[in-house]
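Here is the structure we will look at.
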Amino acid sequence: MGVEMRLTWVITLLGIPAALLAGVLFPFERNYYFISLVVVLLAMLPFFASFEGRKPQAREIVVVAVMTALAVSGRAAFFMIPQFKPGMAVVILSGVGLGRESGFVVGALTGFVSNFIFGQGPWTPWQMFAYGLSGFLAGVIFSGPAARNQGLGNLNIPVIIYGTLATFVIYGALVDTSSVLMWASDITWASISAIFISGLMFNALHAFASAVFLALLSTLVVEKLTRLKVRFGLFEPVP
Amino acid sequence: MRGTERFSSLHPVVTVCYFVAVVGVSVLLMHPLVLGVSFAGALSYALYLNGWANMRKTLPGLLVLMLVAALFNPIFNHRGYTTLGYLGDNPITLEAIYYGLASAAMIGSVLLWFVSYNKVMTSDRFLCVFGNVIPALSLVFSMVLRFVPRYFAQAKRVAAAQRGIGRDVTSGSWYARARNGSAVLSVLLTWALENSVDTSDSMLARGYGLPGRTAYTDFRWRDRDLMAALGFGGAVLVVAVAMIVGALRVTYYPGFVVSSWSVATWLALGVWTALCLAPVVVGVVEEAKWRSLLSNP
């Protein structure tokens, strides 16, 4: 582990408790919103630092950019149907095919770059983290066969199930939580449930879209990524 | 972007810090005057940058969001002494309404600052700020920006070719369309990944990853950037000190109390007003100067 990476971990692991402590010791209006924003930003730091720190090869950079661009284009291509977007499916398949670290980077950058089209706002860090985390966990859970260059194997159905849940639980809950923190002065059960219930339909539709696109794309995308890795020796297998 | 628009021609580092400062203070402080000034500044700058015709489409949506924000709090929050009435069993309090209005002003001003941010902070400016700090991620970022329009163009070509062999994306049953759409995507992905290999070989041939490489940027740090940075930094410092010593303290519950109306409060409010209106004032003044210097044949 390099010096920069260690420094990053120190900042993250000390910064998050420090932010929480500061919120308890010096309470002010909106401290929930502000502190959770700091926590989200700090939590993304080690992922980005590890991508930067290992000085990725040109080929890895371009493949990560290709997958991110596909996810962003997908989100932009379906702009007329709210929530019905293939972006999450592409992010998850990047995690499955390229490993957890690339999954996170593709996800976080998808959230960031697509907001150059849809508009940046206070929701951007949460979207970045939600997409990134979904891609990362996809890599943690499913990248085994892809890392051994066996394609998706028989993981098609589990990936679809994971993608549906990730879209609903990780993305939906994180982005809705950011809305609660943004809108409500007091975090009460009533205000939380009001926002979560009003978001339920949108999240369900988004999760359904992920399931549909994963069903159509998963085998195909992972196969192509695996083929590329075998042919050019990218992303050395994760032990 | 107008050629004579001065504020957004500042160095991107200054611009980014400005937006972080105004949005940060607007989110942190719930002082009604701070929020009112922030809203006025954000609205005037958004109008100045985009013009009335463009903002006319954005503003109604924004007003609806603000209205929801203003109503959300009193409906779900029942703290405060002054009960105005009951909604079912739940008291509606004056303090909760005040807080709701403050929330609405906060949300409105933050979103309006982001309208201007989206206009000013174009991707080349973003790369100027982060290109040397996070080179690999910035490179991915700039590639994505290039790839997206390229993929749209290629997807059109692929779809046309697929239509030629009877796999039309735009007609047929719902399932057939989805299947044909996936075929287009599959072709597109193969094409994109094959191209990525060419791109990366070309990058290597041009010395990617060698030590001492820097990110290209078209922006130079000028004297006025330093002046602006010092001015903005000083203003933020004044507001921050006022905030820490409690000069901008407002409590909403249980009663609405503005704790302080001292000299420090007015000083901080004055400085904050100057900070929020700076982009528009600088823009209007510079534009007038520019016009007066134009020769009239």
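Letters A, B, ... mirror the listed sequences (proteins, then strands); counts begin at 1. Below, each value reflects all heavy atoms present in this structure, side chains not excepted, and no hydrogens, waters or symmetry copies.
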(request) Could you please spell out the steps behind the side-chain contact (heavy atoms from CB on, under 4.5 Å) verdict for D201(B) and R59(A)? (result) CA-CA 8 Å; D201(B) 285 349; R59(A) 280 181 180 160; 2.6 Å; yes

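- With sequence neighbours excluded, the residues forming a ring pair (Phe, Tyr, Trp, His ring centres under 6.0 Å) with F141(B) are F112(A), F116(A), F126(B), listed by chain and number.
- The contact between L70(A) and chain B is made by backbone and side chain atoms together, counting heavy-atom distances below 4.5 Å.
- Of the two parts of K55(A), neither the backbone nor the side chain holds a non-hydrogen atom closer than 4.5 Å to a non-hydrogen atom of chain B.
- Of the two parts of L185(B), only the side chain, counted from C-beta on, holds a non-hydrogen atom closer than 4.5 Å to a non-hydrogen atom of chain A.
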(request) Report the C-alpha distance between S186(B) and K224(A) in whole Å, list the side-chain angles of each, state the deciding distance to 0.1 Å, and finish with yes or no for side-chain contact (heavy atoms from CB on, under 4.5 Å). (result) CA-CA 9 Å; S186(B) 166; K224(A) 281 176 207 273; 3.1 Å; yes

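- In this structure, the portion of L111(B) lying under 4.5 Å from any heavy atom of chain A is its side chain and not its backbone.
- Between the CG atom of L189(B) and the CG atom of L225(A) there is a distance of 6.5 Å, given to the nearest 0.5 Å.
- Of the two parts of V110(B), only the side chain, counted from C-beta on, holds a non-hydrogen atom closer than 4.5 Å to a non-hydrogen atom of chain A.
- No part of V23(B) comes within reach of chain A, as not one of its non-hydrogen atoms sits under 4.5 angstrom from that chain.
- Residues of residues 191-201 of chain A having a heavy atom under 4.5 Å from any heavy atom of chain B, listed by number: S191(A), A194(A), I195(A).
- With a 4.5 Å cut-off on non-hydrogen atoms, L65(B) touches chain A through its backbone and its side chain both.
- Of the atoms belonging to P149(B), not a single heavy atom falls under 4.5 Å from chain A.
- With values rounded to the nearest 0.5 angstrom, S196(B) atom OG is found 12.0 Å from I61(A) atom CD1.
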(request) Apply side-chain contact (heavy atoms from CB on, under 4.5 Å) to the pair F48(A) and I134(B), showing each step before the final yes or no. (result) CA-CA 8 Å; F48(A) 289 137; I134(B) 41 170; 5.7 Å; no

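- Between the Q120(A) side chain and the N118(B) main chain, no donor and acceptor come within less than 3.5 Å of each other.
- N195(B) does not touch chain A: none of its heavy atoms, backbone or side chain, sits under 4.5 Å away.
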